[in-house]
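Here's the structure, in structure tokens; my notes come after.
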Protein chains: 2
Amino acid sequence: MSRNSSKLSGVLHVLLHMAEQQAPVTSEKLARIMQTNAVVIRRVMAGLRDAGYVRSEKGHGGGWSMACDPATVTLLDIYRAIGSPPLFAIGNRSDNPDCAVERAVNEALDGPLRQAEALLIDSYATVTLASLSAGFHRQLPPDYASHHRTD
Amino acid sequence: MSRNSSKLSGVLHVLLHMAEQQAPVTSEKLARIMQTNAVVIRRVMAGLRDAGYVRSEKGHGGGWSMACDPATVTLLDIYRAIGSPPLFAIGNRSDNPDCAVERAVNEALDGPLRQAEALLIDSYATVTLASLSAGFHRQLPPDYASHHRTD
DNA sequence: GACTCATGTAACCTATGATGTTACATATCT
DNA sequence: AGATATGTAACATCATAGGTTACATGAGTC
């Protein structure tokens, strides 16, 4: 794992796996795929459920399933659904500095940062879950499931 | 302080203050300006010294002083001198995933990330310390020192 | 030479955040 | 009733950044 974790990357991974399944998938199975804990899955999926992108059902035969059309949901939608976590590791030391020097530094750094943020947001807005799935099936046509036993 | 700290922002602040001074400035004074510890200052300045942008002198009258022409040193130079810390808070869960789904996700996220990185790097390469100083003097012409007593 | 001031650096402490884990309540299906 | 799942709080663990102390070294002052 790289040092800068990304809920986004993990959530997308989970979503694509779910989209491949007809029946609901349990947190346990998803956790096995993601090599993490079922509670962690539930935590991170809560945002998607509240946003209406997935559905969760309790009891026998329960689990997680898609509640949206992957062709109409973008990476930006997912990013927002998980709470729009910070994109950048760098930023200003202080948001409202008394020091004029610091204000000048902040201004110089902020412009590019804002541009880069807009670029990321715009890019993610143009990629749908369906196009991600397509890209995935292109590179591995036949038996996608060979890597993860989910049962 | 915002949650994502930035050595870069802090270092630039220090540099601009130093550039205003003729005589060397001690770590203690810089620490007071930055509201931190002298050891932290020395730690972060070590990279700049090794890169030759500043000089440090021991003993009486010692401290930190500029060893470069602010007109020729860019924010990118400084960024690299402090070790090119990660720019982004998001990234891939895994760099070499066995899972084809995860590879597809990574590819989709990586492109925009790379573009955004290039944008930041290019922007910072066009801003010199001198232009930062100029921007600062423009917004506060007369007595810049009123905020920070350094003696 | 003794004294003071300053950096250089290792070692340690502390706070924070991300993630993992346990425990238990609740809902659903057989 | 019993088995299966989610929902969630509470706690444990780990990594990182930042702060602090301690002490060695070098450079001026007297």
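First the proteins, then the strands, lettered A, B, ... as listed; each starts at 1.
Taking every heavy atom of both residues into account, A/R42 and A/W64 meet most closely at CA-CZ2, 4.1 Å. Of all the heavy atoms in B/M34 and B/G10, the pair that sits closest is CE-O, 3.3 Å.
Inter-residue side-chain proximity for A/E20 and B/V101 is flagged as unmet; no heavy-atom pair is nearer than 4.5 Å. With a 4.5 Å cut-off on side-chain heavy atoms, B/T72 and B/D77 do not count as touching. With a 4.5 Å cut-off on side-chain heavy atoms, B/E117 and B/L120 do not count as touching. Looking at A/T126 and A/T74, their side chains never come closer than 4.5 Å, going by heavy atoms from C-beta outward.
As rounded to whole Å, 15 Å separates atom C1' of C/dA6 from atom CE of B/M18. Regarding A/I41, its CD1 atom lies at a distance of 16 Å from the P atom of D/dT8, rounded to whole Å. Atom CE of B/M34 is separated from atom C1' of D/dG19 by 14 Å (rounded to the nearest Å). Taking atom CZ on A/R55 and atom P on C/dT28, their separation rounds to 14 Å, with Å as the unit. At whole-Å resolution of the value, CD in B/E28 and P in D/dG19 are 14 Å apart. Nucleotide C/dT7 holds its C1' atom 15 Å from the CG atom of B/L48, rounded to whole Å. The nearest whole Å value for the distance from the CG atom in B/L30 to the P atom in C/dG8 is 12 Å. B/M45 has its CE atom 10 Å from the P atom of C/dT7, to the nearest Å.
A close approach under 4.0 Å does occur between a side-chain nitrogen or oxygen of B/S56 and OP1 or OP2 of C/dG8. Phosphate contact (OP1/OP2 of C/dA6, side-chain N/O of B/T26, threshold under 4.0 Å): absent.
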Contact letters for nucleotides 20-30 of chain D, in which S counts primed atoms plus P, OP1 and OP2 and B counts the base, heavy atoms under 4.0 Å:
BB---BBBBS-

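Within the 4.0 angstrom heavy-atom criterion, no nucleotide atom of any strand lies near A/G61. Within the nucleic acid shown, A/R49 comes within 4.0 Å of sugar-phosphate atoms alone, with no base atom in reach, counting heavy atoms only.
Put simply, CG on A/N37 and CD1 on A/I41 are 8.5 Å apart, with the number rounded to the nearest 0.5 Å.
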